Amino acid sequence: MTYTGKKIISQAYLWFVLALLYAPIIFIGIFSFTEAKSMGNWTGFTTQLYTNLFTGSGRSTSALIQAIQTTLIIALVAAAAATLLGTLAAIGIYNMRGKRKKTIEFMNNIPLVNPDIITGVSLFLLFTLLHFTQGYLSVIIAHITFCTPYVVLNVIPRLTQMNPNIYEAALDLGAKPGLALRKVLLPELYPGMLTGFILAFTMSLDDFAVTFFTRGSVGLETLSTYIYADSRKGGLTPELKPLMTIIFLLILVVLIIVNIRTIKNNKTK
Amino acid sequence: MARPNPDEIIINIEHLSKSFGEKKVLDDINLYIKRGEFITFLGPSGCGKTTMLRMIAGFLEPTEGVITLDGKNMVGVPPYQRPLNTVFQKYALFPHLNVFDNVAFGLKLQKVPKDEIRKRVSKVLKLVSMADYEKRDVSSLSGGQQQRIAIARAIVNRPKVLLLDEPLAALDLKMRKDMQIELKEMHEKLGITFIYVTHDQEAALTLSDTIAVMNEGKIQQIGTPTDIYNEPVNAFVADFIGESNILNGTMIEDRKVKFLGQVFECVDEGFGVNTPVDVVVRPEDIVVKKKLDGAQFTGTIKSCVFKGVHYEMFAMTPDGYEVMLQNYRKFDVGTEVGMTIDPYDIQVMHKDCTENVFKGVMKSSNKVEFIGEVWECEETGFEPGTEVDVHVPFNKVDLEDDEKTTTGAGNVNFLLYKGNHYHLTIITDMGYHVYVDTNDVWDKNDMVGIEILPENMKITKR
């Protein structure tokens with residue numbers, strides 16, 4: 001085969017894979033601009049669904065907006081708490097030596113590969129056993145639990161790259177331990193903590209299994225449980241289409257910003 | 001050395017010991033440091049020098065002993081309350097701050113007024129020749145420049161003592177030499193006490209007022225660079241500082257010592273009659289001539305290497321001793337030369353011991369336990385449980401490659417070439433020392449098997 005022939009085939013293959021990956025999202029994006037109830041019907045261009053989403057009118061948009069709020073609050077609180085816990089844990093693990101360190105690092109990795117469903121069911125059993133009222137708080141605690149290892153995993157490499165003497169240097173120059181931590185250690189760990197936070201935030205945002213098992217029966221709905229319940233009632237709320245499109249675009253923007261920043265950072269170094 | 005007047009002493013260390021778990025890193029150190037002095041802790045890696053520095057800085061607490069600074073006990077005082085500053089091995093600059101903020105870090109914590117901070121920082125940056133770099137990012141600086149900033153960051157706080165932990169180790173040779181001169185000038189200008197830790201004997205000799213040579217957690221010798229170079233107290237110091245010929249000798253009587261198969265005049269007295277000693281002769285102190293008449297001993301040049309200023313040569317004597325020579329003149333390989341040594345250039349040292357003496361216990365009449373192992377020995381007739389001394393000459397200890405097939409095992413900790421054989425110090429897994437004379441070549445840190453044949457042990461009741 002000629003060189004150009006090969007090139008065309010490899011290009012075609014690449015675009016085929018990309019199309020397969022992105023077709024569903026593009027599909028939703030397009031159909032978010034029509035009011036048709038069932039997917040695939042085009043009843044003319046309109047931005048009515050977007051208006052509904054932001055004004056809270058429409059059949060069940062208020063419940064949807066409530067779910068979005070709950071999801072965001074849970075994700076923010078859980079990610080913040082996980083960042084704090086995970087960073088402290090990473091500092092602790094970094095200062096350990098030998099077998100102890102290996103063991104703890106290994107134990108940190110287990111929840112990462114553990115299926116969500118098992119985490120969810122086991123937390124459900126634990127809360128029941130402890131007679132812990134299940135609701136907002138239990139969901140947040142559950143999310144902190146599975147988010148923390150991601151932060152640990154992102155902070156440890158920052159610690160290993162760091163000059164081990166800089167904390168001591170701060171003490172030596174007159175900083176008390178707390179101040180040395182804040183002035184010297186945190187600025188060094190900050191990029192790892194930020195990646196950990198974003199990762200924890202997204203993990204919390206799209207969690208279904210753990211939330212489903214730990215939310216109890218008080219009627220708490222996050223976005224994922226709401227969609228699940230909604231689809232079982234028959235037919236998705238049409239306003240979900242613009243919501244999905246917006247979330248996708250937001251994440252796209254964040255990713256692009258992060259990438260540009262990394263490229264810039266690499267250039268200055 | 002006479003102890004100076006108490007207000008001349010800034011740091012006093014008494015009975016300082018440090019153990020990490022079972023391992024004793026520092027063993028009963030006693031030392032005083034004079035105000036304004038440049039003192040160097042010199043020794044191979046693992047000798048305890050850095051541990052000592054970290055205890056003075058406050059990053060480690062001693063297991064036993066006292067460190068006082070200006071008469072005040074420092075044990076238990078956290079590092080941020082000690083009036084001293086450290087220059088770390090890999091600079092440890094704060095990467096997120098620029099040069100100015102790095103240097104100003106300590107002053108800001110002390111709440112020094114802003115304009116005074118500005119003045120002091122620019123003054124100290126001028127002192128380390130980095131005046132134009134205030135706004136630079138520290139990661140954009142070269143190793144030598146980062147080192148200067150690290151020094152500036154420490155001295156801007158006007159510490160009573162500046163601690164330097166191998167500060168030049170990461171620089172290339174030329175840079176290291178330049179920085180040595182600058183450090184020395186800085187010390188003179190500032191007038192504060194410098195404590196310098198290094199394994200680089202050349203830096204130690206160049207910079208220091210006082211050198212403390214350390215090995216295995218103990219100070220081997222403390223003195224001025226010339227004292228340490230010219231009058232090493234033991235074979236370790238002689239070997240560690242500079243090049244030297246270290247040979248077995250016998251002190252025949254006062255001012256007469258026999259080594260290399262010859263009797264030499266020397267200036268040492270008080271060793272007794274026919275006492276085994278170690279003799280040190282620096283290679284530059286051996287006078288070499290082509291003329292054989294009038295020479296104290298002769299030899300054939302075996303190798304000759306140009307070292308820049310001088311030639312370094314090895315001569316083999318008729319008795320089979322190898323002697324290192326340094327001379328401005330070149331003597332070709334194969335040349336027969338005559339050599340003499342001035343009595344003042346012969347340094348005679350006491351031997352730590354002349355044979356291995358192990359404390360042991362009889363297991364049965366022909367089995368004895370020492371250095372943590374049970375060894376076969378000749379029939380002694382002693383009851384089991386008898387406490388004995390086991391004497392083994394240095395050259396009767398056999399070393400094997402495979403430590404699994406021998407009774408004992410250990411690591412080569414120190415090796416010394418003695419002209420015609422090697423003298424090794426082996427440290428066993430349980431921390432016992434075994435001294436071995438051998439013609440085989442081993443390397444430092446080699447794992448070796450130790451075997452001692454029954455006929456080579458002399459067992460006496462204790």
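Every chain is numbered from 1 and lettered A, B, ... according to where its sequence line falls, protein lines coming before strand lines. Note that these values count all heavy atoms, side chains included, but never hydrogens, waters or copies made by symmetry. On a predicted model such as this, the values are computed, not experimentally measured, just so you know.
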query: Side chain of Asp137(B), backbone of Ser140(B): donor and acceptor closer than 3.5 Å?
result: no
task: Mind listing the closest non-hydrogen atom pair of Met55(B) and Glu61(B) along with its distance?
output: SD-C, 4.0 Å
task: Kindly give the heavy-atom pair with the smallest separation between Arg82(B) and Gly58(B), and that separation in Å.
output: CZ-CA, 3.4 Å
query: Nearest heavy-atom pair of Lys18(B) and Thr63(B): which atoms, and what distance?
result: CA-OG1, 3.2 Å
message: With chain B as the partner, which of Glu188(A), Glu168(A), Lys183(A) has the greatest number of non-hydrogen pairs under 4.5 Å?
response: Glu168(A)
- prompt: In residues 157-165 of chain B, which residues are in contact with chain A at a heavy-atom separation under 4.5 Å?
  reply: Asn157(B)
query: Quick one: do the Glu37(B) and Thr193(B) side chains pair a donor with an acceptor below 3.5 Å?
result: no
task: Against chain A, label Leu84(B) side chain, backbone, both or neither, depending on which of its atoms sit under 4.5 Å from a heavy atom there.
output: backbone
Under 4.5 Å from any heavy atom of chain B - which part of Asn163(A): side chain
task: Describe, in one word, how the ring planes of His187(B) and Phe38(B) are oriented to each other, choosing from parallel (under 30°), tilted (30 to 60°) and perpendicular (over 60°).
output: perpendicular
- prompt: Between Pro167(B) and Val87(B), which heavy-atom pair has the shortest distance, and what is it?
  reply: CB-CG1, 4.1 Å
- request: Give, for atom CG of Asp172(B) and atom CZ of Arg176(B), the distance between the pair rounded to the nearest 0.5 Å.
  value: 8.0 Å
field: Heavy-atom pair with the smallest gap, counting every atom of Leu31(B) and Met52(B)
entry: CD2-CE, 3.8 Å
task: May I ask you to establish whether Arg215(A) and Tyr136(A) are in a cation-pi arrangement, using a distance under 6.0 Å from NZ or CZ to the six-membered ring centre and at most 45° from the ring axis?
output: no
message: Counting only heavy atoms not in Phe20(B) (residues, nucleotides, ligands), do more than 12 fall under 6.0 Å from its CZ?
response: yes
message: Could you check whether Ser208(B) and Thr40(B), counting side-chain N and O atoms only, form a donor-acceptor pair closer than 3.5 Å?
response: yes
task: Can you check whether anything in residues 76-110 of chain A gets within less than 4.5 Å of chain B, heavy-atom wise, and list it by number?
output: none
query: Using non-hydrogen atoms only, which part of Arg153(B) is less than 4.5 Å away from chain A: side chain, backbone, both, or neither?
result: both
- prompt: Quick one: which residues of residues 170-178 of chain A reach chain B at under 4.5 angstrom, heavy atoms only?
  reply: Ala170(A), Leu171(A), Asp172(A), Leu173(A), Gly174(A), Ala175(A), Lys176(A), Pro177(A)
message: Test ring-ring contact (aromatic ring centres under 6.0 Å, His included) on Tyr196(B) and Phe41(B); report intermediate values, then the result.
response: CA-CA 6 Å; Tyr196(B) 191 93; Phe41(B) 301 158; over 10 Å; no
field: Point-to-point distance, once rounded to the nearest 0.5 Å, from OH of Tyr167(A) to CZ of Phe59(B)
entry: 10.0 Å
- prompt: Ile11(B) and Ile9(B): which non-hydrogen atoms are nearest, and at how many Å?
  reply: O-CG2, 3.5 Å
- request: Would you check if the side chain of Asn102(B) reaches a backbone N or O of Phe94(B) as a donor-acceptor pair within less than 3.5 Å?
  value: yes
task: For atom NZ of Lys111(B), decide whether the heavy atoms of other residues, nucleotides or ligands shown that lie under 6.0 angstrom number more than 12.
output: no
message: Quick check on the structure: residues of residues 139-147 of chain A within a heavy-atom distance below 4.5 Å of chain B, by number.
response: none
- prompt: Relative to each other, are the rings of Phe201(A) and Phe197(A) parallel, tilted or perpendicular (30° and 60° limits)?
  reply: parallel
